[in-house]
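The first residue in the sequence is number 1, and the count goes up from there. Model, not experiment: these values are computed from the prediction.
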Amino acid sequence: MNYTDLHGFIQDRAKELLYKGTLDSYRVKVHNAYTILIELKNLLIKWRKKQIKRFETVQLCIDEVAEDVDNDDCLTFNYYKKSLFLDKLKEFKKDGENKDSFPISFLVEHIIQDNENRYLKNLIKSIKDVVNRQGILEDKDFTPTIEGLDRHLSALCTQLLFIGYSKPFLYSQVKKSIYDGGNKKVLKCLTMLAYDRRKFEFSTIFKLTIRGLNADKVVIADFKDSIPDEYLIKEIKDNVRFIKINPNIITKFYILKVNARDAYSAVLLGKEKLFTLLDRIQIAVNTVKFELFDTAFTLKKDEKGTILVFKATTNYYIDGSGKNYGNIQSIQDSITKIKDNPSISDDVKVRIDSAIRHIRIANEEAEIEQQFLNYWIALEFLFSSADTEENTYKRIKEFMLDVMMCSYAKRNMSYLEHKLIKAGVLPADKRLKDLTVAEIDSFATNSSILLRYRLKKHKSIFYSANDKLENYLKNHETNLIRHLSRIYSLRN
């Protein structure tokens with residue numbers, strides 16, 4: 001295998017990172033070494049303002065920063081050595097609870113600013129240096145080379161999301177580049193997106209229906225009975241399902257203008273505002289059903305003034321029992337008063353919206369564990385306080401970790417097994433857990449670069465006499481603890 005063949009890995013891995021159906025173990029991560037520094041910066045600010053009551057929250061983030069920065073080779077340290085920075089982090093983690101956090105905050109901010117316009121460029125250069133290298137990739141160098149490439153590609157996708165692109169848009173662009181020019185076009189596509197910092201004005205049109213007893217009493221000023229003429233261009237008129245209004249069903253249209261990098265991001269921003277509005281309505285009445293039409297239209301003018309039209313799928317559904325129609329406007333007015341009251345802190349306003357959102361998310365979840373977690377979080381947004389000594393975090397940490405840890409190895413193995421069978425590498429009557437080392441090596445030889453890499457990692461973890469399996473599970477436990485801590489830092 002030549003190094004240039006690794007474009008095939010970039011193709012397959014980029015699709016996997018950005019595909020919504022990918023198992024969370026292999027989807028694009030929330031943070032890379034740069035964005036986790038920004039999270040630490042914000043946590044330190046909250047810590048100084050006493051908006052975080054557990055120093056453990058800061059410590060866990062410091063651990064994550066130290067790990068990511070230590071493993072990263074794309075951050076620039078021009079005026080302060082990486083090793084010194086890691087020492088300062090270690091020192092603050094140990095003694096910082098009773099010390100001024102400003103010095104470490106200043107250092108973190110300096111590194112963020114120093115890499116603001118460099119990190120993306122460094123990631124792209126690191127990837128290109130590998131895939132453009134001449135010569136043969138020896139088997140002994142295969143795993144460490146792919147690990148590094150995987151780390152850089154994942155960080156690149158995280159950074160593209162951070163600067164405002166949406167996952168559906170990035171995934172569609174990757175798929176399009178493969179169709180247009182093969183796997184070597186994927187990196188070129190991601191590079192072009194990284195250097196294009198433009199945002200565009202989009203007008204997004206949502207259609208929703210309101211059903212149920214006394215649904216006509218749900219009156220919201222932001223909802224339109226029809227699409228204004230200025231938006232009725234040919235592509236929308238031709239979509240009969242979208243413009244058609246059933247006289248027996250209450251139908252509304254919601255239109256929002258936003259600045260975004262792509263149409264999907266515009267839809268996401270619009271959905272966020274619309275869902276917040278619908279979540280508030282649900283407090284007053286939940287005997288009616290709100291159904292969002294499966295398609296939203298997004299309009300944008302190009303440089304020549306031509307209106308471009310994009311379609312995106314969307315979904316929202318509220319259904320329940322109980323009613324209080326008279327309180328719809330009352331609740332809307334109350335929340336608006338809270339939002340507009342300068343005496344009420346932004347923290348309280350954010351917590352109310354977050355609680356309502358998690359109630360809705362819990363209602364939509366099919367898995368009881370996810371329902372449980374989101375209802376719990378919603379109640380804590382409303383009733384827990386950073387000023388009290390209560391600590392429900394310890395309880396959720398204890399119980400949720402046990403639930404999540406039980407399924408981790410099994411679901412990852414099932415995911416890999418499914419991918420191997422789908423690719424025609426593993427016979428349908430074979431099971432990954434029953435394979436011998438020789439069979440794994442044989443299947444790896446006949447697999448794509450991505451699946452070969454996964455099989456080699458699987459063998460090193462589950463067929464090794466050392467402590468790799470234990471470390472594999474411990475790493476997942478550490479990630480879960482950090483994730484729960486991140487949720488609670490947002491709550492506080």
Side-chain angles (χ1 to χ4, degrees), residues 28-49 52 54-127 129-130 143-159 161-162 467-468 470-486 488-490:
V28 59
K29 303 302 181 185
V30 175
H31 285 302
N32 57 33
Y34 177 78
T35 61
I36 191 63
L37 283 167
I38 295 175
E39 178 165 303
L40 177 58
K41 166 193 165 182
N42 294 331
L43 281 181
L44 290 171
I45 291 172
K46 290 183 178 180
W47 175 251
R48 284 203 301 275
K49 293 181 177 179
I52 296 176
R54 298 179 307 108
F55 189 63
E56 180 191 1
T57 300
V58 180
Q59 290 175 314
L60 287 169
C61 188
I62 287 175
D63 284 339
E64 192 168 357
V65 169
E67 181 180 309
D68 287 352
V69 169
D70 190 35
N71 292 328
D72 183 88
D73 54 6
C74 292
L75 285 173
T76 299
F77 290 84
N78 282 335
Y79 307 107
Y80 206 86
K81 290 184 178 180
K82 181 197 286 192
S83 59
L84 292 177
F85 173 62
L86 294 175
D87 288 342
K88 287 293 183 182
L89 284 177
K90 184 178 180 181
E91 179 183 324
F92 185 77
K93 177 190 172 184
K94 181 180 178 183
D95 305 319
E97 185 169 5
N98 300 312
K99 288 187 177 181
D100 183 10
S101 63
F102 182 77
I104 192 69
S105 293
F106 178 81
L107 185 54
V108 169
E109 176 65 26
H110 176 79
I111 296 171
I112 291 171
Q113 292 182 0
D114 206 28
N115 285 276
E116 183 177 6
N117 297 316
R118 296 177 178 176
Y119 190 62
L120 258 178
K121 296 177 182 178
N122 291 342
L123 285 170
I124 292 169
K125 181 180 183 302
S126 296
I127 295 172
D129 285 346
V130 175
T143 298
T145 299
I146 298 296
E147 283 179 344
L149 195 57
D150 187 19
R151 186 171 62 250
H152 290 140
L153 184 60
S154 180
L156 173 59
C157 290
T158 298
Q159 198 69 11
L161 294 173
F162 172 74
D467 55 0
K468 284 192 174 183
E470 182 179 354
N471 291 337
Y472 172 74
L473 295 174
K474 282 187 176 296
N475 286 339
H476 180 59
E477 182 179 24
T478 298
N479 290 333
L480 284 174
I481 292 172
R482 289 171 178 171
H483 181 60
L484 288 175
S485 179
R486 179 168 291 116
Y488 274 75
S489 70
L490 293 173

* **Closest non-hydrogen atom pair, L43 against C61** => CD1-CB, 3.5 Å

* To do: Nearest 0.5 Å please: distance from the CG atom of L89 over to the NZ atom of K94.
  => 15.0 Å

* Greater than 12 external heavy atoms within 6.0 Å of K82's NZ -> yes

* Asked: Within a strict 4.5 Å, meaning less than it, do heavy atoms of the F85 and L107 side chains meet?
  -> yes

* To do: Carefully, step by step, assess T158 and V30 under the rule side chain to side chain contact (heavy atoms under 4.5 Å, CB included).
  => CA-CA 7 Å; T158 298; V30 175; over 6 Å; no

* Sub-4.5 Å side-chain heavy-atom contact between H152 and D129 -> no

* Report yes if some heavy atom in the side chain of N32 is under 4.5 Å from a heavy atom in the side chain of Y119; otherwise report no. => yes

* Asked: What distance do L86 atom CG and I62 atom CD1 have between them, rounded to the nearest 0.5 Å?
  -> 11.5 Å

* Asked: Say you draw a straight line from CD1 of I127 to SG of C74; how long is it, rounded to the nearest 0.5 Å?
  -> 8.0 Å

* Structure fact -> Tested for side-chain contact (heavy atoms from CB on, under 4.5 Å) against V69, the lone hit among V65, D72, N71 is V65

* **Value rounded to 0.5 Å, distance of CG in L123 from CG in L156** => 6.0 Å

* Structure fact -> Of all heavy-atom pairs linking W47 and G96, the shortest is NE1-O, 4.3 Å

* Might you confirm whether atom CZ of F106 has over 12 heavy atoms from other residues, nucleotides or ligands at distances under 6.0 Å? => no

* So N479 and K29, side chain to side chain contact (heavy atoms under 4.5 Å, CB included) or not? Walk me through it. -> CA-CA 11 Å; N479 290 333; K29 303 302 181 185; over 6 Å; no

* To do: Take T478 and D63 through the side chain to side chain contact (heavy atoms under 4.5 Å, CB included) test and state the conclusion after the steps.
  => CA-CA 10 Å; T478 298; D63 284 339; over 6 Å; no

* Do side-chain atoms of D70 reach the backbone of A66 as a donor and acceptor pair under 3.5 angstrom? -> no

* Structure fact -> CG (N117) and CG (N122) are apart, to the nearest 0.5 Å, by 11.0 Å

* Are L44 and F92 side-chain neighbours, meaning at least one heavy-atom pair lies under 4.5 Å? -> yes

* **Carboxylate-amine/guanidinium contact R482 E39, below 4.0 Å** => no

* Asked: Roughly how far apart are E97 CD and R54 CZ, rounded to 0.5 Å?
  -> 11.5 Å

* To do: Compute the centroid of each ring, for Y79 and then for H110, and state whether the two points are separated by less than 6.0 Å.
  => yes

* To do: Would you check if there is a donor-acceptor pair between the side chains of S126 and D73 at a distance under 3.5 Å?
  => no

* To do: Please tell me if the side chains of D87 and E91 come closer than 4.5 Å, counting only heavy atoms from C-beta onward.
  => no

* To do: Identify the heavy atoms of A33 and D68 that sit nearest to each other, and give their distance.
  => CB-O, 3.9 Å

* Evaluate the side-chain proximity of Y80 to D114: yes if any heavy-atom separation is below 4.5 Å, no if none is. => no

* Run the side chain to side chain contact (heavy atoms under 4.5 Å, CB included) check on E116 and I112 step by step: do they pass? -> CA-CA 6 Å; E116 183 177 6; I112 291 171; 5.7 Å; no

